[in-house]
Structures are given as structure tokens and as C-alpha cells.
Amino acid sequence: MAVSVTVNSQTATGPDFTVTDGGGGGEAPAIDAIDPTEGPTGTAVTITGTNFSATAGDNTVEFGSATATVTSASTTELVAEVPSELSAGDVVAVSVTVNSQTATGPDFTVTDGGGGGEAPAIDAIDPTEGEVGTAVTITGSNFGATASDNAVAFGGVEASINSASETEVVAVVPNSLGAGAVDVTLTANGQTATSPQQFTVTVPAPVIDAINPTEGEVGTVVTITGSNFGATAGDNAVAFGGVEASINSASETEVVAVVPNSLGAGAVDVTLTANGQTATAPQQFTVTVPAPVIDAINPTSGIVGTEVTITGENFSSTIAENTVTFGGTEATVNSASETELVAVVPSSLSPGSYTVEVTVNSQTATGPDFTVLEEGTPQFPITGSNASIDYGGCSLCGITNPTNVIDGNTDNYATVNLPLSISSSYWVSVESAGNIPAGGSAGFVVSNEGGLIGLDLLEGITLTTYLDGAVQETISDAALLNLEVVSGTTDRQFISFQTSSEFDEIRIEFGSLLGADSDYFVFAAYGGMEAEPVPGPAISSVSPERGPEGTEVTITGDNFGATAGDNTVTFDGTTVTNILSASETELVVEVPTGATTGPVAVTTSGGTATSTDDFVVGAVPLTGSGLSATGDTQGVCLGCDVTNTSNVIDSDGDNFASIDISLGVGGSGYVAVENTAEVMSGGGQAGFVIALSGGTLDLSLIESVTVETYLDGTLQESESGSALLLLDLLSGTSTDRQFIGFETTTDFDQVVISLGALVGADATYEVYGVYDDYFVTE
């Protein structure tokens, strides 16, 4: 570009000037300020600006033509000493050269030292290292005679001075310094000297005095006390046996850490590292392993080979780390978790009782005894609420006391009578609510009135298993197992077979017997294996949450009975008589007659579920802190009055506001209730429950009544006179009270009722409550 000069409005144009990149490729430096702007030689001058080099040697600082020593550097700040070759009175420009590019800053004025004093000189510092707070003695010459005549800095941070003379100053290492070596400077007489030695700031090593507790399980919270810890959790590292621990809290004297979950049993060192230094606790921490506990075994009896589930605590989830014994004989463990083991009864055991024990980590828990039964002994009767019975067959046959088979008392029995030479058969079937695994001896315990059942009588008996109504296995005649004389009896026999398929129902069928009428006593059905538990029902929602008797209610959840007859539903203890539909996840029922407000319960063979919230039978008045009630007279209404308006929204349903209207007046009284907590949805019956003191309201007396709804002060809907609903209250309330309102179609936040004079008499209205969704039992 061309260079031009303009003087007195006249311009001369010279040669072109080419702008380069500075000769070094970097951006040119710029000086913003210097501080101070005057002082004697040796003064430390701070130069602020941009594009300096962070390496001191890459910056050239000149005071006039004299080159200065750069003592510290960053990209925005340089500290340089005024060169000694300058003289008092010199006024020189300060310049900085970086990457062959030079910035010139303000002038610096060289003084004579502020009073003619000589520049200080530091000979030595003692000590040359120590922690923050260390008192350091600085020796030399030309210091200020008092503390205030000197300024001492460690790494540019000003230090407090304890004492001073012209040859010795004692200063304290500032607390804000971190670890490392720093320059020590002393300024006196306006001139600064730098120590020939740097001072190395050291950080004290942490020291652990104690840990508490000194033993415990993994996850134990341990308090470590001592000194020189990091002030925050992140400033410390704690390890137990070399495994890093999480830290809950920290201060300089106390750290709270958690024993790591991965540690095994035994004593380990505890270490704490802070400020790059590590301390070891004087005590070790002993990691303990909790002893196993047996809560229960299931089943408590069975034949050899039976799988037994052992529930408890502190087992190992690794199978091999658990040892299970039955009376000292080790069993095979099929599966393991920390709370459950499944073990197999050893085949070497004889019938009898054996104590179950579990050993983990050299610690043993003793549980209940397990009774080993003889092969074929009846196990797991199908009885109780999870069982049902059915029977039928030949018309001349019969059964008495059939429910004795499933009543839970295995000494009770049903009697099956078979006439002589019947041409058909009679059967008894028992169904379990849960499925029964294959592999057990399934059948019935029976007794024959005429004596023990031999092979000749087995010819007329058949056992059949079913699953969901489908036949699984059928065994009859000599193929049946006939365990004669069940233990503890003299005439009962267990007729069974070894199942190979899962089932939920077993049937015994008696065919034709020769020679005589006969009665069979059927005591109980047995599955041979424990049935799967029937999952209990669970209620997730009830919709709607309120309504009168007869309201259709949908109950959603899990594990309901698949048919209506499989469920019993109650509303606050009153049983539902009409279950409209049923599935495993939804029941639709009608609120029963006589129901009261309370929880909804569903009972199946698996148990009972109860709703979290009550179902409200009937109407619920609006009450609560979000409501406000006002009332007054309007129009020409001499002698009228509205009192106790707050009673309309209190929690006592028998309290009321009074509206007194004089005979023949043209005005009216009103009560307004506003809901500031929420907007009320349209679609319900909104209005008030009121009564006429000394009389009964009917359609002929409500011509002067108006009910209105508002939203944010704007009228939404209004009904008057015969257009209003006039409804008797639900059963259980005073019959002189009526609900007056209408079916809303829009949302609202305020309901207002206005009541005028009646013909022929003064009127006092009692206003009991306001409703945003009213239900009425017809």
C-alpha cells in the first residue's frame, strides 16, 4: 500500500509499504500498561498486554536502549527489573520484542531511590525450605530499619514481616502458596532485591492416629482420624488392602471411608494419600464375613433325591462355596444365591429325621430337621383354599362328606358307596390351583370297608392326571403302586404311581366290584411334589374412584381369577354380587347394595389384594385449603342476611351457612365457592346441598333459585328454576336436605347459588356444601 503524508491540507504520496506477518509467524505483541511508571534501578516493573511469550527468555524488554532482566513471563504479563546502567532522571520508553516484532509502551522515569538510599541486597535466606507459615530470616544490606520500610514476597505473594533491621528481615511464608520452589524478593527504598536462593514450599505429610472401628464387614463405614489430610473428599485417597475405597466426607483431621465390597475376609492395611504423600494406619482393619443364617427349609420331609430349598441369609452365590449337610451327610447343591440354596437329599440316607446345616466361609448355620420318608409315602396333600373337589358317575353310586377330602385334616374322609355289580364307575377328582411338577408319587389314601385292597380289587381302580383339563397320564390295575398300611394306621393304603408329566388335577375312578356292595373311604389326594405357589392378586387401579351403589367399576391389576367365579370382590367388606366380566388383569363389577366408603379387595385362591385408596360411595363435598367461600345479599333485599359462609367448605358435613330472605323483597342472597387450587372438570353434577329451615324444598319452591359456574371470573353456565336438578340425598343423611345443581359441560373454578324470596313467608335457607361431581342413588 502507498504511504502518504498530509500537511496544511496538502498531501504527498511516497513508495508502497508491504505488511508482513512479523517475521516470525506470530501475532505482534501489544503493551497495555506498566506498573509502576517510576522508580530506581532494580525496580520490578509489571508489563501487561497481549501476545507475549510464556517463556521469559523469548521476550526482550528494553528501557530505552538498556536491556532489562525478565524475571517472570506469561502471554499477558511480564515482570522485568529496571537496568542498573540507567541514571536517576532518565525518562525512557519501555518496549517488548517477541518473534522479531516490537511493541512500545509508556515511558518509565528513573528516580534516585526515593530518598537517596542505596538499593537493598540479599545475601542469604534461612531456611531455604519449609511449610507455609515458616518464619524465614533474610540477611543482607540496605534493608529498611523497620518492618513497614520493607516489603517481602514469596513467589510474588506478599508476606507478613515479624521483625526488621537494616541487615536482617524475618518474614513468614504466606498460607496461600502451594508446594514448589519460589523466588524471594525484598523491596526497600523503592528498590527490589531478589534472593540468590529460592525457597521451596513443602506440604506436610498426612499422619493417621487411629481408625474406628478396626473390624467389620464389607460396606462398613470407617472413621480415620489424624492430621494433614485433604480438606475435601477429592483431596484424599483411601485404600483397604490396596483396594481404593469410596469417601463419604473429609476434613484436614478426619476422613470417613467405606470398606470396599470386593475384599475378602482377613486383616488389611489402611492407607491415606494426601498432597502426594501416603500414611499407613497404626492398626490394620479386619474384614469379617457374616455367618450364614437358615430361616426355613421347604419341604421339611420327602424321599431321598427330593430337592430342598433352604432360605436364609449370607449364603454364597457360588455353589462350590456352600456346603449343605443332612445329619452330617453332604448333599449336592443344585443352585445358590445369597438368600437361597437348593440341595438334594442324599441317596444314602435311611428313613428318619436329619438336621440340615449350611457352612459358608468356615461358619456353620443349623436349620430345622428334614424327615426322610420311605419311597411311596404320601407327600404334599392337595388341600385347603388352593384345592377343589368334583365327583360323579353311576346313578346308583353315591358319596357323603366329599369336602373332607380337601379340608386339610388328613384323618377326615369321604365315603364312596359302590353297589354290587355296577355296570359303570364312580370317580372323585381333586384339582390344585397351582401346577404340580412331575417326578413324585401321586394318588389317594383310601381305605376299604371290607378289608385291605389287594391285587384283585386294584383291577377296578384307575388313576388319571390332568393339566388344564387335558389328560396327562392314566394308570390302572396292577400297574398302580399300592403302599399297604400307611404309617401310623392299620387299614389305610396309598394307591399311587410315579408321575412323569406335570399336572394340576388327579382323579381316582372305582369300577365294578364282584360279590358285594362296598364302601371306600377316601382320605386325601396327594401330588407327590409340592405344587407351584399360586401368585396372589395385585390391584393397580380402581376406576372410577367413587360412585353410588350400582356404579360400574373397573379394577385393573395382576393374577385375578380368569372367570368371575374365581374372584371375590368386596367394597369395604361388602361382597360384590355382580361381577360383570373377569380376566387375569381386569375385573368389571357393580358397587354392591349397602356398600360404604372404604378399600376395594379382590380375593383369589392365591390370596387377597387391597386397594391403596378408598372407594368413595356417594358424593364428596369440596373442602380444603384451596377453597374460599363468600356470601352477601344482592338487589333490594331489606332485612336479608348471609352468615357463616365458611361452614360451606369446612370438613363437618352438618355445618351450614344461613341465607335469610324477608317476605316480599325483590333481592336475593348468594353463596359463592371458588377453587383456587385447581380447575374442576365439566361433565359432573355441580351445585349445593341445601335445606329450607322449617320446610321441605320441592320443584314448586325453586323458581327463585339460580346456580352458575365461572372460570377466571367469566360466566360459563347458568341454570334456574325448573331447569335445575332437585335430588334427594344419599341414604344415611337427613331427608330434608336436597342437592340443587345441574349437569355441567365446561370446566369451571367457581360455583354460585342465589336464593330469592318464597311466596307467602320469610325464608331461611341452610347451605351445607358445594359439589363439583355429585352422584345420587335412585
Side-chain angles (χ1 to χ4, degrees), residues 380-393 398-409 412 414 426-436 444 464-472 502-509 522 524-525 527 531-544 547 549-596 598-611 615 617:
F380 305 113
I382 309 172
T383 60
S385 61
N386 284 340
S388 60
I389 189 168
D390 197 7
Y391 43 85
I399 186 171
T400 56
N401 301 317
T403 57
N404 283 356
V405 177
I406 59 171
D407 68 356
N409 184 342
N412 289 344
Y426 197 82
W427 52 266
V428 176
S429 187
V430 173
E431 184 175 0
S432 168
N435 293 352
I436 300 170
F444 287 79
T464 304
T465 56
Y466 299 81
L467 182 63
D468 297 331
V471 173
Q472 300 299 294
E502 183 182 28
F503 64 101
D504 61 10
E505 180 182 357
I506 185 166
R507 172 183 295 192
I508 187 169
E509 187 169 0
V522 182
E532 295 176 358
V534 179
I539 296 175
S540 57
S541 68
V542 176
S543 180
E549 298 169 359
T551 298
E552 187 174 298
V553 176
T554 299
I555 306 167
T556 57
D558 295 299
N559 305 322
F560 299 154
T563 65
D566 296 332
N567 303 274
T568 299
V569 181
T570 60
F571 283 71
D572 196 32
T574 301
T575 301
V576 170
T577 57
N578 192 7
I579 298 179
L580 302 177
S581 66
S583 73
E584 294 181 356
T585 57
E586 182 180 281
L587 302 175
V588 179
V589 303
E590 287 185 356
V591 178
T593 301
T596 55
V600 176
V602 176
T603 300
T604 69
S605 60
T608 299
T610 303
S611 64
F615 182 89
V617 180

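Hydrogens, waters and symmetry mates are skipped; everything else that's a heavy atom, side chains included, is used. The shown structure was predicted, so the numbers you read here are calculated from the model rather than taken from an experiment.
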Set out, in order, the CA-CA distance, both residues' side-chain angles and the distance that settles side-chain contact (heavy atoms from CB on, under 4.5 Å) for N578 and V589, then state yes or no.
CA-CA 6 Å; N578 192 7; V589 303; over 6 Å; no

Do T608 and V602 make a side-chain contact, defined as non-hydrogen atoms from C-beta onward lying under 4.5 Å apart?
no

Please report the interatomic distance OG(S605) to CG(N567), rounded to the nearest 0.5 Å.
9.0 Å

When rounded to the nearest 0.5 Å, the distance separating OG of S432 from CZ of F380 is 12.0 Å

Tell me, yes or no, whether the heavy-atom count around E584 atom CD, taken from other residues, nucleotides or ligands under 6.0 Å, exceeds 12.
no

Begin with the C-alpha distance, continue with both residues' side-chain angles, and end with the deciding distance and a verdict on side-chain contact (heavy atoms from CB on, under 4.5 Å) for I399 and V428.
CA-CA 9 Å; I399 186 171; V428 176; 3.9 Å; yes

In short, A582 meets A564 closest at the heavy-atom pair CB-N, 3.5 Å

Closest heavy-atom pair and its distance - A414, P402
CB-CA, 3.7 Å

A side-chain contact here means heavy atoms from C-beta on lying under 4.5 Å apart; do I555 and E586 qualify?
no

CA sep, side-chain torsions, deciding dist, call: E532, E502, side-chain contact (heavy atoms from CB on, under 4.5 Å)
CA-CA 11 Å; E532 295 176 358; E502 183 182 28; 3.5 Å; yes

Heavy atoms of other groups near E552 CD, more than 12 under 6.0 Å:
no

Is it true that T570 and T575 share a donor-acceptor pair across their side chains at a distance under 3.5 Å?
no

Is there a side-chain contact between D572 and T574 (heavy atoms, below 4.5 Å)?
no

Within this structure, what is the CD1-OH distance for the pair I506 and Y466, rounded to the nearest 0.5 Å?
10.5 Å

Student check: side-chain heavy atoms of F560 and T585 closer than 4.5 Å:
no

Could you give the distance from OH (Y391) to CZ (R507), rounded to the nearest 0.5 Å?
13.5 Å

Please evaluate residues V569 and L587 with respect to the criterion side-chain contact (heavy atoms from CB on, under 4.5 Å), reporting the C-alpha separation (whole Å), side-chain torsions for both, the decisive distance (0.1 Å), and the verdict.
CA-CA 9 Å; V569 181; L587 302 175; 3.9 Å; yes

Taking the side chain as every heavy atom from C-beta outward, state whether D566 and T604 have any pair of such atoms under 4.5 Å apart.
no

Please name the pair of heavy atoms, one in G606 and one in N386, separated by the smallest distance, quoted to 0.1 Å.
N-OD1, 4.3 Å

Does the side chain of E505 reach to within under 4.5 Å of the side chain of S429, using non-hydrogen atoms?
yes

So, taking the atom named CG in L580 and the one named OG1 in T554, what distance separates them when rounded to the nearest 0.5 Å?
9.0 Å

To the closest 0.5 Å, what do you measure between OG1 (T383) and CG (N409)?
9.5 Å

Do you know the tightest heavy-atom contact between V617 and A595?
CG1-O, 3.6 Å

So with a 6.0 Å cut-off around CZ of F615, is the heavy-atom count from everything else above 12?
yes

Does W427 reach the side chain of D390, with side-chain heavy atoms less than 4.5 Å apart?
yes

Closest non-hydrogen atom pair, F444 against A525:
CE2-CB, 3.4 Å

Does the side chain of V588 come within less than 4.5 Å of V553's, by heavy atoms?
no

Of all heavy-atom pairs linking A531 and I436, the shortest is CB-CG1, 3.7 Å

